[in-house]
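Take a look at the structure set out below.
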Amino acid sequence: MDTQNLRIQKGITRSKPFQIQVDGQLLFAYPGETLGTVLLANGKRAFRHTMLSGGARGIYCGMGVCFECLVTVNGQANVRACVTLAQPGDRVKRQFK
Amino acid sequence: MNDLTLAPLTVVGAGPAGIMAAYTAAEAGVDVTVIDENPLPGGQYLRQSPPEFTIPDVVAAHSGHPEAAALYRKLEHPRIRTMHNTSVWGVFDGRMLALAERDRVYLHKANRVVIATGAYDRPLAFPGWTLPGILGAGAVMRMVKTQWVLPGKRVLLAGLGPLQLPLADLLLESGVEVVCVAEAANLFLGWRHLSGFWGHGDRIWEAYTYIKTLVQHRVPVFHNHAIVSASGKEQVETATIARLDGSGQPIAGTERQFEVDTVCLGYGFLPSIQLAMAFGCEPRFDENLSWFVPRHNDHMETTEPGIFVAGDVTDFGGAKVALAEGRVAGLAAAHQLGALDDATFNRLVAPALAELRHMNRVALALQRIYRFRRGLAFLASDDTILCRCEDVTLAKVKQALADGAIDLHQVKLGTRAGMGYCQGRCCSALIAPIVAKETKQSISTLHPFTVRPPIQPIPLQMLATGAVSMAVE
């Protein structure tokens, strides 16, 4: 997917971006963005594979109810990307098989 | 775990209903504690953009609602204390609330309680529905309005209800291509409820402006259609819709397929009833919703004395209804606590109840027109996942029923459905119609999953370190 312009530009000014690492790749994040937003804005839709069926999952409810967007952050597994703010230097691992 | 302060009134949820309940009681002289999971007040409908974003148009920073700022300010009332980033994960001994705030656990002894926990996107299970890129309509709304990010570039909207229109409008205005809108309601069957809109011309005008945008952008709207399948490798690539028959089941041969990168599911909302259930409040089966809501009386009191509900947790009525319900609940709680005498309470509650009756007429008409159609509960095929947390398919649920399970609880024990992180919030309403059909019972006689702590998952080490006594100011 062409991921240019997935961040809305009109009507908003973001503060100075910082970097986070997602599966070793450096990505820009803006203060106030959730990890889910940073991943989505960079065209990453699949956040994990389920333990049992191995199916891909990503953001579904976007409000912390469904626990589908779980990622590993700085070594802590099963963090909800949709309600967790990105912090400078975060090391995010998608929970792929 | 340590003991702590007693708040006469505890309000759970800082959306429109919770804020209004808290403010109304505080104005009557009651000290109120508001507990909310989010860093900022507003709930989902009036959700705020993060303070780190600079948004010159203040209304745009408040999810586009001009009335929001005045509502947030009500929490600054000196009698209200708000605990943000705090979730309620259990109810013990009737009125003891277990709270979690980041890495700390508290006990909070409640007296009167207003449950204003809102609602969440209703899940709809069809082949392929777990693919990344398929999101709830509420999720997309929040993403665009508060995180300022688009869900994708080519979006199909499928759902049931009037909220699809503003969402399509929002996406089009943001430059997203909307390939079509599939609306599951059969307006031909719904026309007889239109009299409920008498005196609500503003609502009709609002709908008209949204439809105008869709026409301008040449977005096809398929009425009486639902999504029936989606496919893709690691994310959604195609989505298929089909026309529905009288019972809401797809008609073979009417399928249309679209290439998409995003699907937005707006099949209404399910009330967040878990906390009410944890308090022991009796549920009521709502025919239009085809699911359970906490039973309450005119004064918003549940079957548990002193425990009130307000807002979308009761049934989906939208923000204006939520405000009026919050006001009634706040007054009734203040009255029970002795802050209002009978005469004052009756004088104050009468106009709020009248307003609620006026608004409930249109809310009920909408609920009837957009009632959940039976056929939508049976779109899954045998290998479709019903419980996302535990990867439980329809085939596994049917097997458990063939093995003798006769209710939701037994299916849970036999399959693990509902035992995962989300605690059955997503799968219970998907599995119940299957159980009802296979065991030839009415879904209304089934009981939703029993709610057990933790209602919200909390790390074990938080329990191991013990609860911290809540600071007493």
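Below, chain A is the first sequence line, B the second, and so on; all start at residue 1.
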(message) Heavy-atom cut-off 4.5 Å, strictly under: side chain, backbone, both or neither for B:Pro39 against chain A?
(response) neither
(request) Taking B:Arg388 for its side chain and A:Arg57 for its backbone only, find out whether a donor-acceptor pair lies under 3.5 Å. (result) no
(request) Can you measure from CE (A:Met51) to CD (B:Glu390) and round to the nearest 0.5 angstrom? (result) 9.0 Å
(message) I'd like to know whether CD of B:Glu259 has more than 12 heavy-atom contacts from other residues, nucleotides or ligands below 6.0 angstrom.
(response) no
(message) Let's test your reading of the structure: which of B:Val140, B:Leu265, B:Ile134, B:Thr130 forms the most heavy-atom pairs below 4.5 Å with chain A?
(response) B:Thr130
(message) How close do B:Ala139 and A:Tyr60 get, counting heavy atoms only, and between which atoms?
(response) CB-O, 3.5 Å
(request) Check B:Pro132 against A:Gly58 and note the closest heavy-atom contact, atom names and distance. (result) CG-N, 3.8 Å
(request) With rounding to the nearest 0.5 Å, note down the distance linking OG1 in A:Thr37 to CZ in B:Arg142. (result) 11.5 Å
(message) Please rank B:Glu234, B:Arg47, B:Lys233 by heavy-atom pairs under 4.5 Å with chain A and give me the top one.
(response) B:Glu234
(request) Evaluate the side chain to side chain contact (heavy atoms under 4.5 Å, CB included) criterion for residues B:Phe53 and A:Glu33: first the C-alpha distance (whole Å), next the side-chain angles of each, then the deciding distance (0.1 Å), finally the verdict. (result) CA-CA 9 Å; B:Phe53 292 179; A:Glu33 288 185 342; 3.8 Å; yes
(message) How long is the straight-line distance from CG of A:Leu6 back to NZ of B:Lys153, given to the nearest 0.5 Å?
(response) 5.5 Å
(message) Looking at chain B, which one of A:Gln9, A:Lys10, A:His49 has the largest number of heavy-atom pairs inside 4.5 Å, strictly under?
(response) A:His49
(request) Identify the heavy atoms of B:Cys422 and A:Val65 that sit nearest to each other, and give their distance. (result) CB-O, 3.4 Å
(request) To the nearest 0.5 Å, tell me how far B:Met143 CE sits from A:Ile8 CD1. (result) 10.5 Å
(message) Check this for me: A:Lys97, atom NZ, are more than 12 non-hydrogen atoms of other residues, nucleotides or ligands nearer than 6.0 Å?
(response) yes
(request) Considering non-hydrogen atoms only, spot the tightest contact between A:Gly32 and B:Pro50 and give its length. (result) O-CG, 3.1 Å
(message) As an exercise, state the distance from CG of B:Asn38 to CE of A:Met63, rounded to the nearest 0.5 Å.
(response) 8.0 Å
(message) I need the minimum non-hydrogen distance between A:Ser53 and B:Ile385, along with the two atoms involved.
(response) OG-CD1, 4.2 Å
(message) Can you confirm whether more than 12 heavy atoms, excluding those of A:Phe18, are under 6.0 Å from its CZ atom?
(response) yes
(message) With a 3.5 Å distance limit and no angle check, can you tell me whether B:Gln147 reaches the backbone of A:Arg7 through a side-chain donor-acceptor pair?
(response) no
(message) I'd like to know if the side chain of A:Arg45 reaches the main chain of B:Pro151, judged simply by a donor and an acceptor atom lying under 3.5 Å from each other, with no hydrogens or angles considered.
(response) yes
(message) Using every non-hydrogen atom in the two residues, find where A:Cys66 and B:Cys389 come nearest and quote the distance to one decimal.
(response) O-SG, 4.2 Å
(request) Could you tell me how the ring of B:Tyr421 sits relative to the ring of A:Phe67: parallel (under 30°), tilted (30 to 60°) or perpendicular (over 60°)? (result) parallel
(message) With a 4.5 angstrom heavy-atom cut-off, is it the side chain or the backbone of B:Gln44 that approaches chain A, or both, or neither?
(response) side chain
